[in-house]
Amino acid sequence: MYVLGIETSCDETAVAIYHAQKGLLSHVLYSQADTHSEYGGVVPEIASRDHIRKLTPLIKQCLSDSGLSSNTLDGIAYTAGPGLMGALLVGAATARSLAWTWQIPAIAVHHMEGHLLAPMLEATPPEFPFVALLISGGHSLLIEVNGIGQYKLLGESLDDAAGEAFDKTAKMLELGYPGGPRLAKLAESGQPRFNFPRPMTDRPGLDFSFSGLKTFTLNTLQNSEKTEQDKADIAYAFQQAMAETLAIKCKRALQLTGLKTLVIAGGVSANLAIRESLISMTQQLGAQAYFPRHEFCTDNAAMIAYAGCQRLSAGQTQDLEIFARPRWPINQLLSL
Ligand code: KG4
Ligand code: ZN
């Protein structure tokens with residue numbers, strides 16, 4: 001089964017083709033980051049318009065890269081949510097129309113399920129059941145995963161998502177957009193000088209809260225002379241606090257469920273300090289950590305084509321409705 005995947009939930013336009021046995025055949029991506037950077041964040045209307053301009057050429061390019069013609073495709077998977085409504089509608093309407101024209105089924109994919117399954121594209125994929133830590137710009141979720149669509153929510157962020165906290169902190173440090181990777185770069189020249197709190201780790205539970213950490217960062221910055229070294233030291237302390245807090249919560253989730261496999265995905269899982277902290281925690285527990293490759297941590301269509309292929313192979317399809325859900329709890333998905 002050849003599945004075309006389309007991702008347009010935020011500021012990346014991406015297309016991929018995945019085959020059930022042959023694996024990933026091609027994937028292309030256009031990032032709007034430069035367009036949005038002058039506004040300091042994603043401007044939804046600009047994002048939608050850019051998806052309209054870029055999506056059709058990318059679909060053509062992806063087909064040509066794979067050497068396939070459209071009549072070889074067996075299905076189309078599109079990100080239906082969560083995300084920006086206008087941006088989602090571009091992908092959903094395009095996917096639904098092409099599926100109708102080509103007389104093949106379409107399937108609506110949950111963006112966070114895509115992230116969760118991204119490590120399945122690697123040479124040694126994790127096996128169910130596992131604990132998943134999903135850390136992106138809009139979500140921080142800890143989930144017990146017993147199979148595709150079998151998601152038990154263990155914990156989530158009560159305020160800012162992990163990526164959002166990175167982006168807002170980067171803004172305070174005047175690093176511009178996109179903030180997360182820029183903050184990580186600055187932290188490389190930081191020294192261990194400040195000790196930031198590890199929010200909500202002193203009481204039981206698996207929820208996160210990152211807004212206090214943000215305030216602590218702001219206070220530390222305002223009390224400093226704001227030199228380049230001060231900023232680097234603050235970025236370092238913030239990143240360490242994030243990495244350690246996430247490791248403490250993941251350790252708790254593994255102990256609570258008795259599981260030995262941890263999957264970490266979503267844009268923030270590209271962060272090397274966070275990866276190191278989670279790998280060392282799982283090693284100490286005798287557990288194993290799995291990540292997507294760097295380019296599939298952040299938004300991409302390979303994960304959407306993969307997730308869609310699993311659901312289409314199991315016989316699930318979407319009717320003719322152009323399905324888009326800006327808010328869509330992950331535990332509402334059908335299990336396979
Ligand atoms: O998964 P993603 O690409 O989009 C969403 O679904 O939100 O995640 C984007 C988020 C942004 O907040 C971005 O700053 C963050 O992931 N991010 C990082 C890094 N790379 C991306 N945060 C920290 N360190 C990074 N290296
Ligand atoms: Zn994402």
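Note that the coordinates shown come from a computational prediction; the quantities given were computed from them, not determined experimentally.
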Student: More than 12 heavy atoms of other residues, nucleotides or ligands under 6.0 Å from CZ of R49: is that the case?
Tutor: no
Student: I'd like to know if V43 and Y177 are part of one continuous hydrophobic network [Ile/Leu/Val/Met/Phe/Trp/Tyr, side-chain heavy atoms within less than 4.5 Å].
Tutor: no
Student: Does a side-chain heavy-atom distance below 4.5 Å link T282 with L254?
Tutor: yes
Student: What's the separation between atom CZ in F210 and atom CD1 in I135, rounded to the nearest 0.5 Å?
Tutor: 8.0 Å
Student: Looking only at heavy atoms, which two atoms of S136 and V268 are closest? And how far apart?
Tutor: O-CG2, 4.3 Å
Student: Got L142 and C250 here, is their nearest side-chain heavy-atom distance under 4.5 Å?
Tutor: yes
Student: Are L117 and Y18 connected in the hydrophobic side-chain network, where two residues link if heavy atoms are under 4.5 Å apart?
Tutor: yes
Student: Nearest 0.5 Å, please: how far is OG in S9 from CG in L88?
Tutor: 6.0 Å
Student: Quick one: do L29 and V109 end up in the same hydrophobic cluster if we chain Ile, Leu, Val, Met, Phe, Trp and Tyr together by side-chain heavy atoms under 4.5 Å apart?
Tutor: no
Student: Could you check if a side-chain atom of W100 sits within less than 4.5 angstrom of a side-chain atom of L320, using non-hydrogen atoms only?
Tutor: yes
Student: If we only count heavy atoms from C-beta on, is the K214 to M172 side-chain gap below 4.5 Å?
Tutor: yes
Student: Is the shortest heavy-atom distance from the side chain of V3 to the side chain of L312 under 4.5 Å?
Tutor: yes
Student: Could you give the distance from OG1 (T201) to CZ (F208), rounded to the nearest 0.5 Å?
Tutor: 11.5 Å
Student: Does the R252 side chain pair with the main chain of L206, one donor and one acceptor, at a distance under 3.5 Å?
Tutor: no
Student: Verify the ring-centre separation between F238 and F166: is it less than 6.0 angstrom?
Tutor: yes
Student: Take K22 and Y2, measure what side chain to side chain donor-acceptor pair (under 3.5 Å) needs, and give me the verdict at the end.
Tutor: CA-CA 9 Å; K22 298 176 190 168; Y2 288 98; 2.5 Å; yes
Student: Keeping Y151 on the side-chain end and G149 on the backbone end, is there a donor-acceptor pair under 3.5 Å?
Tutor: yes
Student: Where is the tightest heavy-atom contact between A273 and Q239, given as atom of each residue plus distance?
Tutor: CB-NE2, 3.3 Å
Student: Verify ring-ring contact (aromatic ring centres under 6.0 Å, His included) between F296 and H115, making sure each step is shown before the conclusion.
Tutor: CA-CA 8 Å; F296 294 161; H115 277 304; over 10 Å; no
Student: Run the salt-bridge test on R96 and E321 with the 4.0 Å N-O cut-off and return the result as yes or no.
Tutor: no
Student: In Å and rounded to the nearest 0.5 Å, what is the CG to CD1 distance from L4 to I104?
Tutor: 7.5 Å
Student: Taking it one step at a time, do E174 and K231 satisfy salt bridge (charged side-chain N to carboxylate O under 4.0 Å, His left out)?
Tutor: CA-CA 9 Å; E174 295 170 335; K231 288 185 182 178; 3.3 Å; yes
Student: Tell me whether V90 shares a hydrophobic cluster with V15, the cluster being built from Ile, Leu, Val, Met, Phe, Trp, Tyr side chains joined at under 4.5 Å.
Tutor: yes
Student: Is there a side-chain contact between K249 and M200 in this structure, where contact means two heavy atoms from C-beta onward sitting under 4.5 Å apart?
Tutor: yes
Student: Could you go through the side chain to side chain donor-acceptor pair (under 3.5 Å) check for D11 and Y30 one step at a time?
Tutor: CA-CA 9 Å; D11 62 343; Y30 171 78; over 6 Å; no
Student: For E144 and N146, does a side-chain donor sit closer than 3.5 Å to a side-chain acceptor?
Tutor: yes
Student: What are the two closest heavy atoms between Q150 and L336, and how far apart are they?
Tutor: NE2-O, 4.4 Å
Student: Look up atom CG in L246 and atom NZ in K251, then write down how far apart they are to the nearest 0.5 Å.
Tutor: 14.5 Å
Student: Looking at F130 and M120, what are the two nearest heavy atoms and their distance?
Tutor: CE2-CE, 3.9 Å
Student: For F196 and F216, take the angle between the two ring planes, folded into 0 to 90°, and tell me which bin it lands in: parallel under 30, tilted 30 to 60, perpendicular over 60.
Tutor: perpendicular
Student: Would you check, one step at a time, whether the test salt bridge (charged side-chain N to carboxylate O under 4.0 Å, His left out) holds for R193 with D230?
Tutor: CA-CA 9 Å; R193 181 171 135 212; D230 287 338; 2.9 Å; yes
Student: Evaluate whether atom NZ of K260 has more than 12 neighbouring non-hydrogen atoms of other residues, nucleotides or ligands under 6.0 angstrom away.
Tutor: yes
Student: Would a hydrophobic clustering, with Ile, Leu, Val, Met, Phe, Trp and Tyr connected at side-chain separations under 4.5 Å, put I76 with I322?
Tutor: no
Student: Which residue is it: L141, V145, L133, V263? I am looking for the one with a side chain to side chain contact (heavy atoms under 4.5 Å, CB included) to L116.
Tutor: V145
Student: Please check if any side-chain donor atom of H111 sits under 3.5 Å from a side-chain acceptor atom of E7, or the reverse.
Tutor: yes
Student: Could you measure the distance from the CD1 atom of I107 to the CD1 atom of I304? Nearest 0.5 Å is fine.
Tutor: 11.5 Å
Student: Looking at side-chain heavy atoms only, is the closest gap between D50 and T13 below 4.5 Å?
Tutor: no
Student: May I ask you to test the D159-S157 pair for a side-chain heavy-atom distance under 4.5 Å?
Tutor: yes
Student: Does a donor on one side chain sit under 3.5 Å from an acceptor on the other, for D160 and S211?
Tutor: no
Student: Under the side chain to side chain contact (heavy atoms under 4.5 Å, CB included) rule, what do R198 and Q240 come out as? Steps first, then yes or no, please.
Tutor: CA-CA 9 Å; R198 276 57 175 150; Q240 282 310 113; 4.3 Å; yes
Student: Answer yes if the side chains of D65 and S26 hold a donor-acceptor pair under 3.5 Å, and no otherwise.
Tutor: no
Student: L213 and T217: which non-hydrogen atoms are nearest, and at how many Å?
Tutor: O-OG1, 2.6 Å
Student: Closest approach of L121 and R293, non-hydrogen atoms and distance?
Tutor: O-NH2, 3.3 Å
